[in-house]
There are 2 protein chains.
Amino acid sequence: MASKPTRLHHRNLPLVLLQARERLLSHFRPILNANGITEQQWRIVRVLYEKPSLEPREIVELCRISSPSMAGVLARMQELGLVTRRRVDHDQRRLRVSLTPRARAMAARMVPQIEATYLRIEQQVGEVFSERLVQALDQLLAMLPEYDSRKAAGADLSQAKEAGAAGGVIDVVQ
Amino acid sequence: MASKPTRLHHRNLPLVLLQARERLLSHFRPILNANGITEQQWRIVRVLYEKPSLEPREIVELCRISSPSMAGVLARMQELGLVTRRRVDHDQRRLRVSLTPRARAMAARMVPQIEATYLRIEQQVGEVFSERLVQALDQLLAMLPEYDSRKAAGADLSQAKEAGAAGGVIDVVQ
DNA sequence: ATCTATTTGCTAATCTATTAGCAATGCCAC
DNA sequence: GTGGCATTGCTAATAGATTAGCAAATAGAT
């Protein structure tokens, strides 16, 4: 396939994404530190703040935290009095996680600071740019399927096309 | 300060960036696993593959790996026979890190696979989209300065404007 | 020449990611 | 019902991230 290049001609895109994320996080981290919670804990607080309760596998999906990590994170958060965990009656495997009143109060204090930070960032990079960037990232996620390491042979692009069509994706970043 | 919102109106942009990065990495991870190296190790191999040697602080900067992590990563890579470390004569603090021939050979085997994966991804999301996304992320990095937690008061935007002007940044994502 | 301040790489402690695997529960076909 | 099968949450081991801090070496000012 195309003369086997021995040098890399592409930027390290995952690295650029990492750097962009770190740059952004540097603006939010002081707020998290001031409240004594970690990034992952805040992601969980943030999604639980919108709903009365969620199950661990839902939080795993919403916060992009792996299941093995989630076990430890939730245990520590319970230890800190941020969440409660209780079994679901009709299915003893399952679990429901909720914010404690204390965590909910903390989130209410933090939300305005987080929002203010987003506004300050939009002021620096431009609101339009900011919105289009999010849109572009959403499009990437819609067009590029998760790689399934089990089906190594026989590249199947139908999944990508489905995702693209389903999401109503615009041509490009535009 | 616009009336202290108690709900979040912005998408979690760092989370979206994380998800995009993970989605991309899922396509590269099999290559790394097949060669028995981690993401961070590959980032280091990749930059050292282009140059004869680098110093740890340069690698830290290029690979976005924190200095405390770098110590352990380089120690493990030396243990695995991937890199060599030797002191600089005229400055006993400093260090020069190089790839071993074995690591260089491994990189030469991996580069074509990495390149092929980039091409496959570009095929799925569109080459133009891919290039514009990188461009947009570069613009974000140019416009948004690292937050300096030391200067809390007196927001100074001059740094952002300088960076924007210096980089020859286009209006928006476009 | 000496004293101070910075640079460089490192250790320590805690938390999270990744990979593999496992016990318990529930589902479902038979 | 019962035996296969998937789901749910978990543990264990290793690697990295984050925060704080530290010793040695160097550069700069006096």
Side-chain angles (χ1 to χ4, degrees), chain A residues 14-15 18-19 21-22 25-26 28-44 54-61 63-80 82-83 85-97 146-147 149-150, chain B residues 14-15 18-19 21-22 25-26 28-30 32-45 54-61 63-80 82-83 85-97 146-147 149-150:
Chain A
L15 180 57
L18 173 64
Q19 189 170 4
R21 182 170 183 272
E22 284 181 347
L25 274 177
S26 74
F28 295 101
R29 206 182 301 278
I31 303 173
L32 306 185
N33 288 344
N35 287 271
I37 63 173
T38 66
E39 283 173 30
Q40 290 77 0
Q41 287 174 353
W42 167 246
R43 295 215 294 276
I44 294 172
L54 287 170
E55 305 191 15
R57 69 198 149 74
E58 296 174 311
I59 307 178
V60 159
E61 183 66 23
C63 297
R64 318 304 309 171
I65 295 173
S66 67
S67 179
S69 295
M70 185 61 70
V73 175
L74 288 180
R76 278 182 287 272
M77 290 181 75
Q78 187 171 31
E79 196 74 19
L80 291 170
L82 295 175
V83 299
R85 288 188 289 179
R86 71 171 211 289
R87 290 281 166 189
V88 174
D89 287 346
H90 65 282
D91 190 338
Q92 289 302 309
R93 294 172 304 181
R94 291 159 70 191
L95 208 60
R96 294 214 68 98
V97 181
E146 185 89 11
Y147 185 84
S149 52
R150 282 162 301 191
Chain B
L15 180 57
L18 173 65
Q19 189 170 4
R21 182 170 183 273
E22 283 180 348
L25 274 177
S26 74
F28 294 102
R29 207 183 299 279
L32 306 185
N33 288 344
N35 287 272
I37 64 172
T38 66
E39 286 175 32
Q40 289 78 1
Q41 288 174 353
W42 168 246
R43 295 215 294 276
I44 294 173
V45 168
L54 288 169
E55 305 191 16
R57 70 197 146 73
E58 297 174 309
I59 307 178
V60 159
E61 182 66 23
C63 298
R64 317 304 310 171
I65 295 172
S66 68
S67 179
S69 295
M70 186 61 70
V73 175
L74 288 181
R76 277 183 287 271
M77 289 181 76
Q78 188 172 31
E79 196 73 20
L80 292 171
L82 295 175
V83 300
R85 289 188 288 179
R86 69 172 213 288
R87 291 281 167 191
V88 174
D89 289 345
H90 65 281
D91 191 337
Q92 290 303 310
R93 292 172 304 183
R94 292 160 68 192
L95 209 59
R96 293 215 68 96
V97 181
E146 186 89 9
Y147 185 83
S149 52
R150 284 162 301 193

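Letters go in sequence order (proteins before strands), and every chain restarts at 1. Values in this document were obtained by computation on a predicted structure and should not be read as measured data.
Side-chain atoms of Arg87(A) come within 3.5 Å of backbone N or O of Arg93(A) as a donor-acceptor pair. Side chain of Arg43(B) to main chain of Cys63(B): a donor-acceptor pair is present (N/O by atom type, distance under 3.5 Å, no hydrogens or angles).
Between Trp42(A) atom CH2 and dC15(C) atom C1' the separation is 19 Å, expressed in whole Å. Remark: P of dC10(D) and CG of Leu74(A) are 7 Å apart, rounded to the nearest angstrom. One can place CD of Glu55(A) at 15 Å from P of dT7(D), the figure rounded to the nearest angstrom. Across the protein-nucleic acid pair, Gln41(B) atom CD and dA17(C) atom P stand 19 Å apart, rounded to whole Å. Put simply, CZ on Arg96(B) is 10 Å from P on dG9(C), counting in whole angstrom units.
Closest contact between the side chain of Arg93(A) and the listed nucleotides dG16(D), dC10(D), dT7(D) involves dT7(D). Among dG9(D), dG9(C), dA17(D), the nucleotide with an atom closest to any side-chain atom of Leu95(B) is dG9(C). Distance from the side chain of Pro68(A) is smallest to dC10(D) among dG9(D), dC10(D), dA17(C). Taking the side chain of Asp91(A) as heavy atoms from C-beta on, and the options dG26(C), dT19(D), dT18(D), the nearest nucleotide is dG26(C).
Pairing for dT30(D) goes to dA1(C), judged as Watson-Crick or G-U wobble with the two contacts each under 3.5 Å.
Residues Arg87(A) and Leu25(A) both approach DNA chain D. Their nearest nucleotides, taken by heavy-atom distance, put Arg87(A) toward the 5′ side. Along DNA chain C, the nucleotide nearest to Gly72(A) and the one nearest to Asp89(A) differ in position, and the one closer to the 5' end is contacted by Gly72(A). Checking Thr38(B) against Ala71(A), the closest nucleotide of DNA chain D that is more toward the 5' end is the one next to Ala71(A). Two residues, Gln40(A) and Val88(A), neighbour DNA chain C, and the one matched to the more 5' nucleotide by heavy-atom proximity is Gln40(A).
The phosphate of dG9(D) has neither OP1 nor OP2 within less than 4.0 Å of any side-chain N or O from Gln92(A). A sub-4.0 Å separation between OP1 or OP2 of dA17(D) and a side-chain N or O of Ser69(B) is present. Arg57(A) has a side-chain polar atom (N or O) that falls below the 4.0 Å cut-off from OP1 or OP2 of dT8(D). Contact annotation: Arg85(B) reaches the phosphate of dC10(C) (side-chain N/O to OP1 or OP2, under 4.0 Å). Between dT18(D) and Arg29(A), a contact under 4.0 Å exists linking OP1 or OP2 to a side-chain N or O.
For the atom pair Ser26(B) OG and Arg21(B) CZ, the distance stands at 12.0 Å (nearest 0.5 Å). In this structure, CE on Met70(A) lies 12.5 Å from CZ on Arg57(A), to the nearest 0.5 angstrom.
The shortest distance between side-chain heavy atoms of Gln78(A) and Leu74(A) does not fall below 4.5 Å.
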